[in-house]
Every structure is written in C-alpha cells, then in structure tokens.
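Predicted model only: the values in this text are computed from it and were never measured. In what follows, every chain begins at residue 1, and chains take the letters A, B, ... in the order their sequences are listed.
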Amino acid sequence: MSVRVRFAPSPTGDLHVGGARTALFNWLMARKLGGTFILRVEDTDGARNTAEASAGIIKGLRWLGLDWDEGPEVGGGCGPYFQSQRKAIYDAYLSKLKASGRVYTEENGAVRFKFSRTAITVHDLVCGDVVFAATEEPDMTVRRPDGSYIFHFVNVVDDIEMGMTHVIRGEDHLSNTWKHVDLFHAFGVTPPTYAHIPLILNPDGSKMSKRDEGSAIEHSYMNAGYLADAVFNYLCMLGWTPKAENEKLSRSELVALFDPLAIHKSNAKFDLKKSLWFNAQYLRELSADELFKHAMPFLKAKSLSWSDEAIAAAAVYSVREKVSLLSELPDWVHYFFREDYSFEADVITKLKGKPENATLLGVVATHLSAANEWSEQGVLDGVEAAAKELNIKPGAMMPLLRFALSGQSRGPGVTTIAHLIGRDATLGRIARTLREVLT
RNA sequence: GACCCCUUCGUCUAGCGGUUAGGACACAUCCCUUUCACGGAUGCGACACGGGUUCGAUUCCCGUAGGGGUCGCCA
C-alpha cells in the first residue's frame with residue numbers, strides 16, 4: 001500500500017516552526033517512500049479561522065519548498081481539502097455512529113461519542129506502544145449544537161476518507177490519540193500508524209508558541225533574511241539525527257536519509273546561534289547571481305539602488321562570508337551604492353589621529369589617478385607605489401584608504417572596493433574625506 | 001490532581017553492557033590576515049539522583065526529582 005500522509009493545520013494564525021517541522025517530516029516521509037503528501041485545512045471552527053491565516057500557512061509552506069500532492073491549489077481525488085466544505089461527509093459518518101448506537105444527543109443539541117471505556121493501545125513509530133487505561137473522562141462531544149463538528153471527529157473521519165496510512169504530528173497530540181483510536185474502532189477501521197514527534201521548546205525550556213522569538217516562519221525567517229534551504233535543514237536537526245557525517249545536508253540527502261524510527265522522543269530547545277550558522281553556510285555557497293537575487297529585497301528595503309547590476313551583485317558577493325542573514329547585507333554594502341555614506345565615529349577618530357594622514361591620502365590619490373588600468377591589481381600597484389614613495393609598508397596604507405572609501409573600519413578587501421566603485425568615485429571619495437574629515 | 005512522554009557537555013546530539021563518553025553550535029586561546037570575517041589548530045565542557053540486575057552500567061529494571069504534554073461544545 002502506498003504511503004499517504006498529511007499536514008493538517010488549523011488556520012488560526014501564521015505558520016509556526018512547530019507546524020512547519022511537522023509538515024517537513026510528513027513531506028520527508030512521503031518523498032522518501034514515493035508516497036502522497038496531502039495538505040488539509042482544518043477550519044471547522046468558524047469563529048477562529050481566517051482566510052488570511054490559511055493563505056499565510058500556504059505561503060510559508062511554499063517558501064519552505066514543501067509541495068503537496070493533494071490539497072488547496074492543486075486539488076486531488078479526496079477533496080474538498082477544507083473541512084469547512086465537508087459537512088455532508090461528516091453528517092454521513094455521524095449517521096453510521098448513530099446506527100451503531102455510539103452517539104447520543106444532549107438536550108441542547110450537542111452530540112457526544114460514547115467512549116468504549118476499555119484499555120486502548122496506540123502504536124507509535126516514535127514512542128512505541130503506549131497503553132491508555134480505560135478512561136473515566138466524560139464522553140466527548142463530536143458535534144456542536146449549531147451542527148458544526150469537533151476536531152477529534154473530523155480529523156478521524158478525514159483520515160479515513162483520505163486514506164491516510166501514517167499520522168505524523170506533534171507529541172502534544174499523543175495524550176488524545178486513544179480517543180481517535182476509539183473512533184476508528186467505532187467506524188470499524190484500522191487506525192493509521194502514528195508517529196508523534198517531539199516538540200520545539202524555547203531556550204528556557206518553555207513551550208514555544210506564537211510571539212516567541214524564532215516561532216513564526218514568515219516573520220522570523222522569511223523576513224529576517226534566512227534562506228529556505230537553511231531553515232529546512234536546521235528544522236530537520238531538531239528531533240532527528242540523520243545517519244551522516246555532517247549536519248549540513250541537502251534536501252535530497254535528507255529525503256534519502258529520513259527514517260521515522262530514528263526520530264527522537266525528547267523535546268528540543270531552539271538554538272538561534274545554530275540556526276544562524278546553518279544560514280551562513282548556505283549563504284556562502286550561493287553564486288553571485290543567486291545571492292544578489294535573494295539580497296535584492298533587503299537592499300531595496302534600505303532604499304539602496306543601483307544602475308549596474310553586475311557591479312551591485314559583485315559588491316554583495318564580496319561580503320558574503322561576513323554575514324549570517326540576508327538582512328545584515330545592507331549595512332555591509334551601502335557605501336557601494338551611494339556617495340553620501342557617513343563616517344563611523346571611530347573611523348573619524350583614527351583619521352584625525354595622525355596629522356600626516358592627509359598627506360598619505362593625497363599621495364595615494366596621485367598614484368591611483370595615474371594607474372594604467374583600473375583593476376584590483378592596478379589599484380594594488382598604485383597603493384604600493386604610494387607606499388614606496390612615502391617609505392612605509394603598503395599594509396599601513398590600506399586602513400586609511402578603507403576609511404576614506406567606505407567610512408567603515410571593516411569590509412571586503414580595499415582593492416575590491418576601489419575596483420568596484422571605479423576610479424572616479426575612488427578619487428572623489430578621497431577628496432571628500434580630505435575635505436570633510438581631515439580639514 | 002489524574003494520565004501520557006521525556007532526562008548525556010550551555011544548546012543540538014552520538015552511544016544501543018566493557019569507549020581516554022565522540023561530533024556540531026556557542027565560548028576561549030593561537031595561527032592565517034590591509035580591517036571584519038572565512039578557514040585551520042587547540043582548549044573548556046555532560047551521562048539528574050537513589051536503588052537494583054550483572055564480573056561490569058551512560059546503556060537493562062524500579063523508584064525519586066525535574067521538564068514537557070493532555071484532560072474543551074480549540075485544534
């Protein structure tokens with residue numbers, strides 16, 4: 001039998017890391033076994049669900065590259081995939097329960113399911129067989145007086161209707177699973193195989209929920225400058241360890257390595273530093289074009305613009321090993337894009353520190369204006385010639401030139417900066433520094 | 001409160017009776033270096049506690065403590 005798994009979010013808010021990882025593991029399972037990954041929106045509670053949230057979740061899943069084979073936007077043979085549109089199916093299933101005497105209606109119209117009140121065992125790939133003693137809880141409500149249905153009921157009905165073979169979800173559902181199994185039995189259906197994955201906790205050990213740092217996919221990752229591949233990779237490492245030498249693994253490697261039996265039982269705390277490390281790793285292996293494409297929205301957000309895209313891309317590429325997030329890029333490259341960059345306080349202090357700095361910059365300018373060709377080597381030759389004339393080491397000239405050309409004390413190689421901004425800008429910036437700082 | 005799951009360096013983890021308890025992130029130092037980074041090297045650093053079982057427990061069993069979860073006409 002072909003594997004069928006699903007991610008069944010309730011659209012009450014943005015896609016959350018916990019949900020994203022649940023979707024991720026389901027996706028890995030389907031792709032690993034050549035199965036089907038289904039997206040089902042559990043929007044039975046009209047009061048809490050919104051279309052915006054639903055769209056947001058889809059946006060987040062798309063960004064992470066978790067494509068589904070059946071569900072919203074793609075269709076499939078078991079639709080509709082919004083539970084709010086499946087009332088007739090639920091009514092039919094409720095009738096089955098009525099026929100077998102497993103439900104009863106209360107005075108106000110709510111319908112309850114009669115628990116079997118026997119010990120129930122949940123077979124779980126991660127937790128093993130978990131036995132729940134006969135319950136003493138009140139029978140559970142499956143339909144509200146207004147005719148709408150409750151999660152436990154629709155969840156089970158749809159898992160039956162959509163032919164789910166495995167249910168991979170957060171461990172917070174484990175304690176309720178016996179109720180689902182009871183329902184499956186009442187319908188005369190063998191329950192799917194379960195796999196309850198550990199939860200993601202905050203660094204302090206508390207349960208991570210919306211609002212917490214690093215919890216919302218769109219806000220904390222997409223907009224913060226993460227690469228989807230990095231987030232995908234990092235999330236896999238929370239609660240699962242692939243049998244591999246390295247932790248940095250591509251999607252295809254992760255698919256090939258995936259094994260639900262290797263998923264951990266214990267919860268994992270979110271580690272911001274490590275997520276940044278993963279992102280930095282992925283950032284560095286992007287080509288100049290790819291990096292620029294990803295960086296563009298972040299540059300524009302800081303009002304940076306360019307006329308020569310190749311130069312702009314080269315500028316961004318020159319600082320790729322200095323950042324962990326795309327959002328850090330503008331601060332590292334803004335001076336490539338404008339002449340009115342400001343001078344950092346310590347840069348001004350250092351420039352003014354020695355009176356001979358003005359002379360040094362003047363000599364460098366003279367040599368650079370005479371350079372035969374404007375390449376990095378040409379710039380370097382000019383600086384060395386100036387240093388020789390001044391009888392100092394070329395290395396001693398570099399910081400000064402860096403200060404003048406960027407206003408910053410750190411950045412890519414000085415010759416790279418000069419080469420990319422061009423001769424005119426280089427000479428102009430030296431002149432500006434002489435005029436505005438070393439007066 | 002009842003029930004369920006969990007417990008190895010600060011964090012993510014390897015380990016599946018005998019290991020100098022390994023790796024990654026972070027941190028520290030050093031090297032490299034025109035800055036900042038990258039990279040390389042080294043270091044710091046853990047089996048929650050108490051009983052068993054065993055020739056021998058991080059590993060198996062029980063208990064305690066601690067953490068998380070579930071007990072809705074939320075999902």
Side-chain angles (χ1 to χ4, degrees), chain A residues 8-13 19 41-45 47-49 83 106 108-112 122 124 126-128 130-133 135-138 140-155 169-179 196 198-201 203-208 234 236-248 264-278 280-281 284 318-324 332 347 350 380 383 387 393-403 406 408-417:
Chain A
S10 178
T12 54
V41 181
E42 306 217 331
D43 56 349
T44 55
D45 186 354
R48 297 168 189 244
N49 302 146
Q83 292 187 327
E106 306 206 290
N108 68 0
V111 178
R112 284 182 186 267
V122 172
D124 193 286
V126 175
C127 303
V130 183
V131 181
F132 292 86
T135 187
E136 291 177 17
E137 284 182 31
M140 78 173 157
T141 305
V142 293
R143 197 184 71 168
R144 303 184 184 93
D146 69 0
S148 63
Y149 291 87
I150 300 300
F151 161 73
H152 301 295
F153 182 79
V154 294
N155 189 267
R169 57 180 18 166
E171 194 224 60
D172 49 337
H173 286 287
L174 181 58
S175 296
N176 278 327
T177 302
W178 65 268
K179 297 177 183 174
H196 286 92
L199 270 22
I200 298 177
L201 271 26
D204 69 358
S206 62
K207 185 186 181 185
M208 182 180 267
Y234 176 62
C236 284
M237 298 303 119
L238 251 26
W240 172 46
T241 306
K243 290 277 182 292
E245 290 297 307
N246 305 311
E247 292 184 80
K248 181 175 171 297
H264 308 153
K265 297 182 179 183
S266 54
N267 295 339
K269 291 174 186 166
F270 178 81
D271 185 346
L272 179 67
K273 291 276 187 57
K274 192 150 188 176
S275 72
L276 290 173
W277 177 80
F278 269 103
Q281 298 301 307
R284 279 178 217 148
S318 75
V319 298
R320 70 188 182 287
E321 289 185 338
K322 303 178 189 304
V323 303
S324 296
W332 283 87
V347 166
K350 286 174 182 169
L380 184 58
V383 172
K393 287 184 293 186
M397 297 281 340
M398 294 298 187
L400 267 188
L401 197 50
R402 170 186 303 287
F403 298 158
S406 71
Q408 300 196 344
S409 58
R410 49 185 214 174
V414 175
T415 54
T416 301
I417 298 174

Using only side-chain N and O atoms of Arg143(A), determine if any of them is under 4.0 Å from OP1 or OP2 of C73(B). no

For nucleotides U70(B) and G15(B), find the distance between their P atoms and express it as a whole number of Å. 29 Å

Would you indicate what Thr44(A) reaches in the nucleic acid, counting non-hydrogen atoms under 4.0 angstrom: base, sugar-phosphate, or nothing? sugar-phosphate

Looking for any heavy atom pair under 4.0 Å, which part of the strands does Ser409(A) touch: base, sugar-phosphate only, or nothing? base

Would you mind reading off the distance between Gln281(A) atom CD and C12(B) atom P, rounded to a whole angstrom? 20 Å

Can you tell me how far C1' in G18(B) sits from the matching atom in U13(B), rounded to whole Å? 23 Å

Is Arg320(A) touching bases, backbone alone, or none of the nucleic acid, heavy atoms closer than 4.0 Å? nothing

Please verify the inter-ring angle class for Tyr234(A) with Phe270(A); under 30° counts as parallel, over 60° as perpendicular, anything in between as tilted. perpendicular

For Asn155(A), report the nucleic acid contact type (base, sugar-phosphate, nothing); a contact means any heavy atom under 4.0 Å. nothing

Does the side chain of Arg144(A) pick up a donor-acceptor pair with the side chain of Ser148(A) at under 3.5 Å? yes

Would you classify Ala268(A) as touching base, sugar-phosphate or nothing, given that sugar-phosphate means primed atoms plus P, OP1 and OP2, and contacts are heavy atoms under 4.0 Å? sugar-phosphate

From His152(A) atom NE2 to Lys179(A) atom NZ, the distance as rounded to the nearest 0.5 Å: 4.5 Å

Between atom CZ of Arg112(A) and atom CE of Met140(A), what is the distance when rounded to the nearest 0.5 Å? 10.5 Å

Record whether the side chain of Asn176(A) comes under 3.5 Å of the base of C71(B) through a donor-acceptor pair of N or O atoms. no

Under 3.5 Å, which protein N or O atoms sit close to an N or O of nucleotides 57-59 of chain B? Give each pair with its distance.
none

Round to the nearest Å and state the distance from Leu401(A) atom CG to C36(B) atom P. 17 Å

Any strand counts, and the cut-off is 3.5 Å on both contacts for Watson-Crick or G-U wobble. Which nucleotide pairs with U20(B)? none

Would you say that more than 12 heavy atoms from the other residues, nucleotides or ligands in this model lie under 6.0 Å from the CD of Glu136(A), or not? no

Please work out if Gly109(A) contacts a base, only the sugar-phosphate, or nothing of the nucleic acid, heavy-atom cut-off 4.0 Å. nothing

With RNA chain B as reference, determine whether Arg144(A) or Leu238(A) sits nearer its 5' end, using the nearest nucleotide of each. Leu238(A)

Lys179(A) has an atom NZ; how far is it from atom C1' of C74(B), in whole Å? 12 Å

Lys269(A) has an atom NZ; how far is it from atom P of G67(B), in whole Å? 11 Å

In whole angstrom, give the distance that lies between atom CD of Glu245(A) and atom C1' of G23(B). 9 Å

Phosphate OP1/OP2 of A14(B) contacted by His264(A) side-chain N/O (<4.0 Å): yes

Given RNA chain B, 5'-ward residue of the pair Pro412(A) and Trp240(A), judged by closest heavy atom: Trp240(A)

Phe278(A) atom CZ is separated from C25(B) atom P, nearest whole Å, by 9 Å

Say whether, by atom type as modelled, one donor and one acceptor occur between the side chain of Arg402(A) and the main chain of Pro412(A) under 3.5 angstrom. yes

Nucleotide A37(B), atom C1' - distance to CZ of Arg410(A) in whole Å: 9 Å

Given that both distances must come in under 3.5 Å, which nucleotide forms a Watson-Crick or G-U wobble pair with G50(B)? C62(B)

Mind checking the CG-CE spacing from Leu380(A) to Met398(A)? Nearest 0.5 Å is all I need. 5.0 Å

Base-pairing mate for A37(B) - Watson-Crick or G-U, with both contacts under 3.5 Å: none

Is there a side chain to side chain contact (heavy atoms under 4.5 Å, CB included) between Gln83(A) and Asn49(A) once you walk through the steps? CA-CA 11 Å; Gln83(A) 292 187 327; Asn49(A) 302 146; over 6 Å; no

For atom NZ of Lys273(A) and atom C1' of U11(B), their distance in whole Å: 10 Å

Using Watson-Crick or G-U wobble geometry with both distances under 3.5 Å, which nucleotide pairs with C73(B)? none

When we call it a touch if two heavy atoms are under 4.0 Å apart, what does Asp172(A) touch: a base, just sugar-phosphate, or nothing? sugar-phosphate

Looking at C36(B), I'd like to know if its phosphate oxygens (OP1 or OP2) sit under 4.0 Å from a side-chain N or O belonging to Arg402(A). no

Main-chain N/O of Lys248(A) paired to Asn246(A) side chain as donor or acceptor, under 3.5 Å: no

Reading 5' to 3' through nucleotides 1-7 of chain B, protein heavy-atom contacts under 4.0 Å coded B for base, S for sugar-phosphate only, - for none: ---BSSS

Can you tell me, in whole Å, how much space there is between the P of A2(B) and that of U59(B)? 28 Å

Could you give the distance separating G67(B) and U29(B) at their C1' atoms, to the nearest angstrom? 36 Å

Tell me what Pro198(A) touches on the nucleic acid: a base, only sugar-phosphate, or nothing, going by heavy atoms under 4.0 Å. nothing

For C25(B), the Watson-Crick or wobble counterpart (both distances under 3.5 Å): G10(B)

Going by modelled atom types, is there a donor-acceptor pair between the base of A26(B) and the side chain of Lys274(A) at under 3.5 Å? no

Using the purine O4'-C1'-N9-C4 or pyrimidine O4'-C1'-N1-C2 torsion, is C38(B) syn (within 90° of 0) or anti? syn

Classify the nucleic acid contact of Gly411(A) as base, sugar-phosphate or nothing, counting any heavy atom under 4.0 Å across all strands shown. base

